[in-house]
Each structure stands twice: as structure tokens, then as C-alpha cells.
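Below: the structure, in C-alpha cells.
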Amino acid sequence: MELIQTDAYRWEIPKTGNMNVPARIYASDAIMEAVKKEETFRQLVNVASLPGIVGRAMAMPDIHWGYGFPIGGVAAFDMDSGVISPGGVGYDINCGVRLAALRLEEKEIRPHLEDLVVALQKDIPSGVGTTGMVKLSLKDLKKVMKQGSPWAVSHGFGRDTDTGRTEEGGCMDNADPADVSDRAMDRGKNQLGTLGSGNHFMEIGVVDTVYDPIAARVFGLAEKQVTLMIHTGSRGLGHQICDDFLGRMTKKAHKTGMVLPDRQLACMPLRSAEAQAYYRAMACAANFAWANRHILLHMAEEVFMHTLGISPRDLAMRMVYDVCHNIAKTETHLIDGEKRRVCVHRKGATRAFGPGHPDLDPIFRDTGQPILIPGDMGTASYVLAGTQKAMEETFGSTCHGAGRVMSRKAAKKAAKGRSLQQEMEKKGVLVRAAGRGTMAEEMPEAYKDVTEVVNVVHGSGISKKVAKLRPIAVIKG
DNA sequence: ATGTTC
């Protein structure tokens with residue numbers, strides 16, 4: 001397959017064979033060396049060959065192999081001729097990141113850090129299959145799926161000001177629990193307020209560097225300040241919804257006459273009843289995930305208050321933002337000078353709407369939206385801002401993290417005989433993990449350098465660096 | 001990612 005470097009950060013795969021559009025990868029030379037794999041790029045080319053795809057199939061610098069679509073992939077589809085694909089969203093629907101900032105500085109919490117981590121691990125249910133404090137009746141679960149974060153606010157979690165600092169206000173329209181299977185609801189009903197496993201975590205960090213003081217101020221970030229980052233999604237509920245619709249679409253897709261290059265790309269025309277049912281069910285999982293992160297932040301705030309023995313006023317925990325990085329959304333974009341409604345799939349990719357976008361809260365009018373990029377557990381996380389360039393080039397999208405370079409299996413092998421916990425503590429990061437294998441699977445060397453990834457999206461102009469966060473403590477699932 | 005092979 002032909003790969004043409006067009007500038008320092010952009011690589012094109014020209015339209016050939018069954019491709020309906022060309023493909024583009026955002027990468028530096030070093031990132032290209034790390035991500036260049038025939039099977040991953042084949043996945044991107046497969047996406048470019050799906051019906052009704054608009055513009056380009058795109059991969060962010062954190063691209064790696066995924067189910068059907070690559071992770072780090074962005075693709076937009078025409079509402080009339082295009083498709084929606086559960087594999088283009090991912091198993092963890094609305095996997096995302098929430099960031100809050102405290103009034104405290106590192107020196108004020110260092111003496112209590114061990115106590116904080118122990119308390120967080122005790123009070124925040126984490127690991128596979130765990131259930132939470134919030135047990136929902138079927139009726140209430142349906143309300144959560146319909147209302148998202150606002151449900152959590154109305155039930156005493158967090159503050160209503162938080163929803164303006166959440167993508168979509170923490171609630172996607174069109175969610176309809178009637179499209180969610182009983183099995184999915186059964187899996188989700190006791191999982192609100194749980195962290196999950198794998199790369200999901202809660203991280204205490206410190207604002208290490210501010211690159212853009214004006215945007216940082218609008219986002220509520222200042223140097224030395226302590227931050228809390230939460231990375232999790234829709235748990236078993238979203239997983240089951242993905243599974244249900246992959247099965248349903250796999251059965252039905254061949255009846256449409258579509259020829260798919262990979263069965264994992266199971267999809268249906270956006271106009272079909274099946275596609276619209278998936279969209280409504282996906283929105284339910286997305287809303288559940290926003291309520292989940294909302295409740296988790298509230299629980300963490302309580303842990304901080306109890307452990308440090310201070311009032312909410314002195315803790316002054318405030319939301320920075322909450323982003324979603326596994327989703328498909330109907331959005332309006334300017335394409336070849338024409339405003340069009342398209343269905344944008346972001347799989348391991350983050351929305352990056354620029355200044356003045358009407359969907360953003362007015363507080364972000366001049367800065368563009370905050371973008372939260374978690375790194376691996378030992379390195380750094382970044383806060384970026386959306387740009388006009390992203391609106392023009394990537395349907396308002398950017399990367400979502402460091403991106404794996406090692407498979408989970410390879411990471412476990414490389415970790416044999418090492419104490420990762422001690423290695424992390426030497427770096428000044430206190431880590432506690434619920435699962436035995438998680439530390440190995442998630443070790444820093446299993447990921448690309450997040451700084452390299454962020455430099456690509458900054459250098460290419462599809463995002464702008466605002467601040468760098470240094471982790472000091474992490475709890476993992 | 002995931003009641004990690006209903």
C-alpha cells in the first residue's frame with residue numbers, strides 16, 4: 001500500500017481499489033515508525049471503503065489495531081448514503097475522561113498521599129465485574145440512560161455547573177431504553193459508580209507546565225495545582241449493547257447487498273431502522289457513562305474531604321471538563337464549502353471543537369473546547385484545546401491518549417520478574433491496582449510516548465497544548 | 001473494553 005508523506009505530520013494513502021476516499025495518518029517520523037503496521041493500516045483502508053464515507057478516513061497519532069476500525073480512527077458518513085458501525089465506536093461506548101482541579105497544591109497533599117490512595121481504593125469499586133454503591137431499579141436505570149449526568153445531579157451527586165463542562169452537557173438526545181436489551185440492562189444496573197478494569201484509572205496529578213495561560217485560566221488550571229483525572233466508560237452495559245448490535249448487524253448487513261472487507265466492520269445504512277436503533281441504544285450507554293464519571297468524581301471528592309479532614313469549600317474541587325472518546329454522533333460540518341449533516345465516528349479519538357462552535361458552552365467561546373489526553377500511568381497527561389484547523393480537517397477531532405505499542409500479552413511477558421509498583425514509586429508515582437495482571441498490561445513501556453503523540457496534534461494544528469499534568473498517584477482497575 | 005470463552 002502506498003504511503004506518501006505530505007508534510008511533517010501528515011501521511012496519505014491514496015484512493016485505490018475499493019476505497020471511496022483516501023486515508024490520512026497524522027504522525028511524525030518517530031510516531032510513523034512506531035505505528036506502521038500492515039494490519040493496522042489495512043483496517044484504515046477498509047474504513048475508507050465503507051459506503052457513504054465523506055472526506056477522508058483518518059487516523060490520529062495514537063492509532064493501533066482494534067476491532068474492525070483502528071483505535072485512533074475518525075470517519076464521517078453521509079446521512080443518506082452512509083452507514084453506522086458498532087466497531088467504529090468500540091466496545092466501551094463513551095469511554096472517556098473527566099478532569100477536576102483542586103485549590104490545593106502538591107505539598108499540601110504529599111503527606112497524605114498514601115492515605116488518599118488507600119481510601120480511594122477502598123471506596124471506589126474497581127476491577128472486572130464489580131458493582132457499585134448505587135443500585136438501580138429498572139425504572140431508575142432507564143432514567144439514567146435517558147438523562148445522563150443531569151440524572152446524577154438531580155440525585156445529589158456533584159453540581160449542576162458540572163454539566164456545562166461536560167461534552168453534550170452529559171446527555172445525548174435520542175437515547176431510548178426501548179432499544180437496549182434486558183441483558184444489557186441487567187449488566188448495567190449495579191455498575192453505576194464503578195471504575196472498571198484495563199486502562200481505566202483514577203489519577204491524582206499536578207499541573208506541571210502551562211503552555212497557554214489564557215486558555216488554562218478559562219479551563220480553571222494553574223501551575224502546581226492538584227488535579228484528579230477519571231478514565232472510565234459504560235462498563236458492562238455499553239459492552240453488551242455493542243455485542244448485541246454487532247450480532248444483529250452481522251446477520252442483517254448481507255441482506256443489504258453491502259460487501260464488507262472485514263466481518264468486524266458490520267454496519268447498517270444510517271437510514272435503516274437497525275442503524276437508528278443502534279444509535280438510540282448507543283446514546284443510552286453514552287449517557288450511562290457520563291452519569292458514571294459524574295458519580296465517581298463525587299465519590300472521590302468525598303474521599304478527599306474525609307481523608308484530608310477539610311470542607312468542600314477548602315478543597316474547592318471544580319470540574320475542568322469531561323470528554324468522550326468512543327462514540328458516533330450526528331454533527332454538522334462544512335464539507336467542500338457546503339454545510340452537511342454527517343455521522344462522525346470517533347473511536348479512540350476525541351472531539352476537538354474550535355473557538356466559536358455553537359455546541360460549546362459560552363465559557364469556551366474564545367478558547368475552543370478542553371481536550372483531555374491521558375498518558376500512560378507513569379508519564380504525563382495533557383490538556384489541549386480544540387481548533388479551527390480541526391473543524392476544517394478532522395471533523396473537529398483529535399487523538400485520545402498515548403496508544404498501545406505492545407499487546408497486553410507482550411506487556412505481561414516483558415513485566416515478568418519486575419516490581420512495576422516499585423519502579424513507579426521510584427518515579428514518584430504511587431500506584432495501586434485491583435487486578436493482578438493490570439499493572440503489567442498497563443506499564444508505561446506498553447504505550448507510545450504521550451508527549452510525542454501530543455506534539456503531532458499540536459504541530460499539525462488540530463489541537464493546541466494548554467497544560468501538562470504530572471501523575472503522583474494512580475488507582476487502577 | 002468485558003460477569004476477560006453464553
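Model, not experiment: these values are computed from the prediction. Every chain is numbered from 1 and lettered A, B, ... according to where its sequence line falls, protein lines coming before strand lines.
The distance from atom CG of A:Asn190 to atom C1' of B:dT2 is 16 Å, rounded to the nearest whole Å. Put simply, CZ on A:Arg408 is 10 Å from C1' on B:dT2, counting in whole angstrom units. Between the C1' atom of B:dT2 and the CG atom of A:Asn326 lies a distance of 13 Å, rounded to the nearest Å. To the nearest angstrom, P of B:dC6 lies 10 Å from CG of A:Asp243. Rounded to whole Å, the distance from NE2 on A:His239 to P on B:dT5 is 9 Å. B:dT2 atom P lies 12 Å from atom CG of A:Leu237, rounded to whole Å. The distance between atom CD1 of A:Ile241 and atom C1' of B:dT2, rounded to the nearest whole Å, is 13 Å. The NZ atom of A:Lys476 sits 19 Å away from the P atom of B:dT4 (whole-angstrom rounding).
Nucleic acid contact for A:Glu441: none, since no nucleic acid atom lies under 4.0 Å from a heavy atom of the residue. The residue A:Gly90 sits apart from the nucleic acid: no heavy atom pair falls under 4.0 Å. A:Ser197 comes within 4.0 angstrom of sugar-phosphate atoms only, judged by non-hydrogen atoms across all strands, and of no base. Among the protein residues, A:Gly198 comes within range of the sugar-phosphate backbone only, with heavy atoms under 4.0 Å from sugar or phosphate atoms but none that close to a base.
Under 4.0 Å is where a charged nitrogen must lie from a carboxylate oxygen, and between A:Glu425 and A:Arg432 at least one such pair does. With respect to the salt-bridge test (charged N to carboxylate O, under 4.0 angstrom), the residues A:Arg351 and A:Glu168 qualify. With respect to the salt-bridge test (charged N to carboxylate O, under 4.0 angstrom), the residues A:Arg341 and A:Glu331 do not qualify.
Side-chain contact, A:Ser181 with A:Asp244: a donor N or O sits under 3.5 Å from an acceptor N or O.
If A:Val128 and A:Asp92 are placed on DNA chain B by their nearest nucleotide, the residue sitting closer to the 5' end is A:Asp92. Remark on DNA chain B: of its neighbouring residues A:Ser234 and A:Arg183, the 5'-side contact belongs to A:Ser234, judged by nearest-heavy-atom nucleotide.
Phosphate proximity of B:dT2 to A:Arg235: present, with a side-chain N or O under 4.0 Å from OP1 or OP2.
Using a distance-only test at 3.5 Å, with no hydrogens or angles considered, a donor-acceptor pair links the side chain of A:Gln264 to the main chain of A:Gly68.
Applying the salt bridge (charged side-chain N to carboxylate O under 4.0 Å, His left out) test to every pair with at least one member in residues 41-68 of chain A, sequence neighbours left out, gives these pairs: A:Glu12-A:Arg56. The ring-ring contact (aromatic ring centres under 6.0 Å, His included) analysis of residues 394-442 of chain A, with sequence neighbours excluded, yields the pairs A:His325-A:His400, A:His333-A:Phe395.
Residues from residues 274-298 of chain A lying near DNA chain B, meaning a heavy-atom separation below 4.0 Å, are absent.
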